[in-house]
Enquirer: 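One structure, pasted below without further comment.
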Protein chains: 2
Amino acid sequence: MALDARRMQAFFALKDAGDLLQMLMNDQLQRDGGLSYLQFSLLARLAQAPDGRMRMTDLADTAVHSRSGLSYQAGKLEAAGLIRRERGDDDERSVTAVITEDGRELLEKVLPGHIAVVEQGMFEALDDRQADALADALEAVCERLRDLVPSATERRRKRA
Amino acid sequence: MALDARRMQAFFALKDAGDLLQMLMNDQLQRDGGLSYLQFSLLARLAQAPDGRMRMTDLADTAVHSRSGLSYQAGKLEAAGLIRRERGDDDERSVTAVITEDGRELLEKVLPGHIAVVEQGMFEALDDRQADALADALEAVCERLRDLVPSATERRRKRA
DNA sequence: TATTGTTATACTCTATAACTATA
DNA sequence: TATAGTTATAGAGTATAACAATA
């Protein structure tokens, strides 16, 4: 097979794997906690941040495509009592999203099933050496892509 | 780092890489040919099938989540003259989607830019050995996931 | 009675731009 | 004047279920 064709196939495998995993996750997360995958990933990002807090803009830049999309999702998470929003101390314009105790509890509740899906769907097909290689390569790719893809903030600036 | 944490990170890298690549693709495909990524992938799947033809059900099972979703997209592609739909010969219920000459031309037109995005976003970050390992691992994962995730047809049967 | 494909309906999500408030 | 965040609007896409036609 030509090199290009093999690489294109790897790309399609990456896309398909991500999409198929998301379908499994959506089912599992909905069943175990009434969460969409996007909502789960927002909660997970907050939970691992220092003190469970992040500025809305920073959260939008790492997680979601537009700020309005984040406001929409944050509204749903806040209505469900899983996060709350606080005005920033230093900069009165900014808003900080904070995961609540309920949010952490729900995350704990859905996490085992989530990990099981990742294990079964992604890693049972690989031996340890392959799994390591996959993790290394994906992280390198991801880092490169983050430099390449303009953040929500940069996109907004460009429009203006 | 615990094994679980490292694996979860690999999973998030997979999801993020796929999402970031899709953002780049959507821009490029829209610019070069007015196509969404989903429409492009449907055309690409048809183009590589024998005679450029595939039954709607088979196409739905490999590409898209629900049959109605495929009908919707096929309607747009047909209106743009990129595919046409024919009644099946053997089974009068079935419909076969066929890529048109215009469809193949458009695919040729957007493909160089598409390959360039994959090269720059995905493979420039990797050496040849890493790229091979990534391709192998992703294909193993993908194959496993295809067994695990119920197809559109199976989902429909389950509901009934 | 089961299956193929389409469609009607309702819903979720997204993005753009307009807006408010602060820097 | 620029930035942070929200919101109003409008559009794209999705899924479910109901449907018609064929097996």
Side-chain angles (χ1 to χ4, degrees), chain A residues 19 22-23 26-27 29-30 34-42 53-61 63-80 83-98 150-160, chain B residues 19 22-23 26-27 29-30 34-42 53-61 63-80 83-98 150-160:
Chain A
D19 291 346
Q22 177 155 353
M23 289 177 73
N26 271 331
D27 286 353
L29 292 168
Q30 196 63 49
L35 291 172
S36 71
Y37 173 76
L38 178 56
Q39 290 165 349
F40 163 78
S41 74
L42 286 171
R53 13 189 346 113
M54 238 189 257
R55 265 185 54 198
M56 290 293 278
T57 293
D58 297 334
L59 198 50
D61 281 349
V64 133
H65 304 168
S66 73
R67 286 199 194 173
S68 65
L70 178 58
S71 283
Y72 175 79
Q73 293 294 344
K76 304 201 92 176
L77 291 173
E78 194 168 42
I83 70 168
R84 65 175 185 280
R85 282 181 279 190
E86 300 177 353
R87 278 249 161 271
D89 314 326
D90 48 334
D91 186 337
E92 281 287 322
R93 290 172 304 182
S94 75
V95 171
T96 299
V98 191
S151 69
T153 303
E154 285 162 346
R155 291 200 160 214
R156 184 184 222 199
R157 218 182 324 243
K158 211 173 289 179
R159 277 201 304 278
Chain B
D19 291 347
Q22 176 155 353
M23 289 178 76
N26 272 331
D27 285 353
L29 292 167
Q30 196 64 49
L35 291 172
S36 71
Y37 174 76
L38 178 56
Q39 290 166 350
F40 163 78
S41 74
L42 286 171
R53 12 187 352 110
M54 238 189 256
R55 266 184 56 199
M56 290 292 279
T57 293
D58 298 334
L59 199 50
D61 281 348
V64 134
H65 305 166
S66 73
R67 286 198 193 175
S68 66
L70 178 58
S71 283
Y72 175 80
Q73 293 294 345
K76 304 200 93 176
L77 291 173
E78 194 168 41
I83 70 167
R84 64 175 185 280
R85 282 181 278 190
E86 300 176 354
R87 277 247 163 271
D89 313 326
D90 49 333
D91 186 336
E92 283 285 323
R93 290 172 303 184
S94 75
V95 170
T96 300
V98 191
S151 68
T153 303
E154 285 163 346
R155 289 200 164 213
R156 184 184 223 197
R157 218 178 326 242
K158 212 174 286 178
R159 276 202 305 278

Enquirer: Rounded to whole Å, please give me the gap between CZ in A:Arg93 and C1' in D:dT3.
Expert: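 Taking CZ of A:Arg93 and C1' of D:dT3, I get 4 Å after rounding.
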Enquirer: Could you tell me which non-hydrogen atom of B:Gly34 sits nearest to which non-hydrogen atom of B:Gln39, and how far apart they are?
Expert: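 Looks like O-OE1, 4.2 Å.
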Enquirer: As an exercise, state the distance from CZ of A:Arg87 to OG1 of A:Thr96, rounded to the nearest 0.5 Å.
Expert: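 If we round to the nearest 0.5 Å, A:Arg87:CZ and A:Thr96:OG1 are 10.0 Å apart.
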Enquirer: Starting at atom CZ of A:Arg67, determine the distance to atom P of C:dT20, rounded to an integer number of angstrom.
Expert: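 Atom-to-atom, A:Arg67 to C:dT20, this comes out as 18 Å.
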Enquirer: Could you give the distance from CZ (B:Arg93) to CE (B:Met56), rounded to the nearest 0.5 Å?
Expert: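 The CZ atom of B:Arg93 sits 15.5 Å away from the CE atom of B:Met56.
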Enquirer: Round to a whole Å and report the spacing from CG of A:Asp90 to P of D:dA4.
Expert: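 Going from CG in A:Asp90 over to P in D:dA4 covers 12 Å.
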Enquirer: Considering heavy-atom distances to DNA chain C, does A:Arg87 or A:Ser36 have its closest nucleotide positioned more toward the 5' end?
Expert: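 That would be A:Ser36.
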Enquirer: Round to the nearest Å and state the distance from B:Asp58 atom CG to C:dT3 atom P.
Expert: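 Result: 15 Å.
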Enquirer: Provide, to the nearest angstrom, the distance between the NE2 atom belonging to A:His65 and the P atom belonging to C:dT16.
Expert: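 So the two atoms are 12 Å apart, to the nearest Å.
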Enquirer: Can you tell me the distance, in whole Å, between the CG atom of A:Asp89 and the C1' atom of D:dA4?
Expert: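 It is 15 Å, rounded to the nearest whole Å.
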Enquirer: Identify, residue by residue, the members of residues 68-78 of chain B with a heavy atom below 4.0 Å from DNA chain D, and return them in order of residue number, or none.
Expert: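 Residues of residues 68-78 of chain B that come under 4.0 Å of DNA chain D are, in numerical order, B:Ser68, B:Tyr72, B:Gln73, B:Lys76.
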Enquirer: Using whole Å, report how far CG of A:Asp91 lies from C1' of C:dT22.
Expert: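 So the two atoms are 7 Å apart, to the nearest Å.
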Enquirer: For a quick check of understanding: with a heavy-atom distance under 4.0 Å over all strands, which category does B:Arg156 fall into, base, sugar-phosphate or nothing?
Expert: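 Base: the residue B:Arg156, judged by heavy atoms under 4.0 Å, touches a nucleobase.
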Enquirer: From C-beta outward on A:Met56, which listed nucleotide comes closest to its side chain: C:dT6, D:dT6, D:dT16?
Expert: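 Of all the options, the side chain of A:Met56 is nearest to D:dT6.
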Enquirer: Hey, does the side chain of A:Glu78 reach the backbone of A:Arg85 with a donor-acceptor pair shorter than 3.5 angstrom?
Expert: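 Yes; judged by distance alone, with no hydrogens or angles, the pair exists.
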Enquirer: So, the side chain of B:Glu154 versus the backbone of B:Ser151: is there a donor-acceptor pair under 3.5 Å, distance only?
Expert: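 Judged by distance alone, yes, a pair lies under 3.5 Å.
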Enquirer: Can you tell me which nucleotide in D:dA4, D:dT3, C:dT14 comes closest to the side chain of A:Arg157?
Expert: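 For the A:Arg157 side chain, the nearest candidate turns out to be D:dT3.
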Enquirer: Rounded to the nearest Å, what distance is computed from the CG atom of residue B:Asp19 to the C1' atom of nucleotide C:dT14?
Expert: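 Atom-to-atom, B:Asp19 to C:dT14, this comes out as 14 Å.
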Enquirer: Enter the distance from A:Gln73:CD to A:Leu38:CG here, rounded to the nearest 0.5 Å.
Expert: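 One gets 4.5 Å once the value is rounded to the nearest 0.5 Å.
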Enquirer: Verify, without hydrogens or angle tests, whether B:Asp61 (side chain) and B:Ala152 (backbone) share a donor-acceptor contact under 3.5 angstrom.
Expert: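 Looks like yes, one N/O pair under 3.5 Å.
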